[in-house]
Structures are given as structure tokens and as C-alpha cells.
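To keep things clear, I will list the structure first and then write my remarks on it.
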Amino acid sequence: MSSRRSRSRQSGSSRITDEQISDLVSKLQDLLPEARLRSNDRMPSSRVLQETCNYIRSLHQEVDDLSERLSELLATSDMSSAQAAIIRSLLM
């Protein structure tokens, strides 16, 4: 018996049905910016998961880029300026 089957028997009521998975994948697809543009088309689950991973990677990259830009701005700005005070207050 595979470990997947034995785990599912042990978990009992926590098993997720195919219908629930389909519903979750559909909701996930609705969160993807590219998928919203073609909302009538349903992608295969594997494609939705792949696109989700790509989107999360791009969000991480965007956060890194914005953090770097903010660090550069703070390093080059007059720390006593009103703008720097606003930025510092937003970061706290």
C-alpha cells in the first residue's frame, strides 16, 4: 500500500474531495492577473499552479526591487527632511 493511501486513511475526515480541489484551483485562478483577463477560459490545474508560482516569484522580485529603491532613497535623502520622516513612520 502506498504511503499516500495510508496517510489518507489515517487523516479520515480531513480528506479533500476532487470537487473541493477544483473549487480551490478555480479561486486561485481568479486571483491571477493574467487569468482575470481571460476569465471565461479555464486553465488546467497544473497550469494554474505553475502560473501561481510564477506570479509569487514576480511579487517577491518586486518587493526586493522596491526595498532596494527605498534603501537607496533613504541613504541619499536628508534624514531630517519631512519626506524622510514620513517614510520612516510608514516603515515602523
Side-chain angles (χ1 to χ4, degrees):
M1 181 184 321
S2 75
S3 62
R4 179 185 279 175
R5 286 184 188 156
S6 62
R7 269 188 259 133
S8 68
R9 286 185 182 167
Q10 291 172 357
S11 63
S13 64
S14 65
R15 183 179 168 108
I16 298 175
T17 65
D18 289 346
E19 185 178 324
Q20 289 171 315
I21 291 172
S22 178
D23 184 51
L24 291 170
V25 169
S26 177
K27 289 177 182 178
L28 189 58
Q29 181 178 350
D30 291 341
L31 294 173
L32 296 173
E34 298 87 23
R36 275 188 264 174
L37 297 175
R38 46 193 161 124
S39 60
N40 295 337
D41 299 337
R42 283 291 160 203
M43 291 188 274
S45 296
S46 60
R47 176 78 181 183
V48 171
L49 294 173
Q50 183 179 31
E51 291 292 324
T52 300
C53 290
N54 292 340
Y55 183 55
I56 291 171
R57 281 189 203 101
S58 73
L59 290 174
H60 277 288
Q61 186 61 50
E62 189 173 345
V63 167
D64 290 344
D65 293 346
L66 290 171
S67 295
E68 187 176 327
R69 283 182 57 202
L70 180 59
S71 294
E72 290 170 1
L73 283 171
L74 289 174
T76 60
S77 69
D78 178 12
M79 290 311 243
S80 62
S81 74
Q83 289 178 337
I86 292 170
I87 292 171
R88 281 194 300 275
S89 71
L90 292 172
L91 295 174
M92 300 296 168

Taking atom [atom1] of [X] and atom [atom2] of [Y], what is their separation to the nearest 0.5 Å?
{"X": "Q29", "Y": "M43", "atom1": "CD", "atom2": "CE", "result": "4.0 Å"}
{"X": "Q61", "Y": "L66", "atom1": "CD", "atom2": "CG", "result": "10.0 Å"}
{"X": "K27", "Y": "S22", "atom1": "NZ", "atom2": "OG", "result": "11.0 Å"}

Under the rule for side-chain contact (heavy atoms from CB on, under 4.5 Å), what residues qualify as partners of [X], not counting sequence neighbours?
{"X": "S26", "value": "D30, R42"}
{"X": "Q20", "value": "I16, T17"}
{"X": "L49", "value": "L28"}

_Linked, directly or transitively: L31 and I56 (ILVMFWY side chains, under 4.5 Å)_ =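 Looking at the clustering, I56 is in a separate group from L31.
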
_Residue pairs passing the salt bridge (charged side-chain N to carboxylate O under 4.0 Å, His left out) test where at least one lies in residues 53-66, sequence neighbours excluded_ =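 The answer is none; no pair qualifies.
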
*asked:* So does Y55 get a backbone contact from the side chain of S58, meaning a donor-acceptor N/O pair under 3.5 Å?
replied: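 Flag set: sc S58 to bb Y55 pair under 3.5 Å.
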
_Given 3.5 Å as the limit, does a donor-acceptor pair link the side chain of T52 with the main chain of V48, or not?_
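Such a contact is found between T52 side chain and V48 backbone.
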
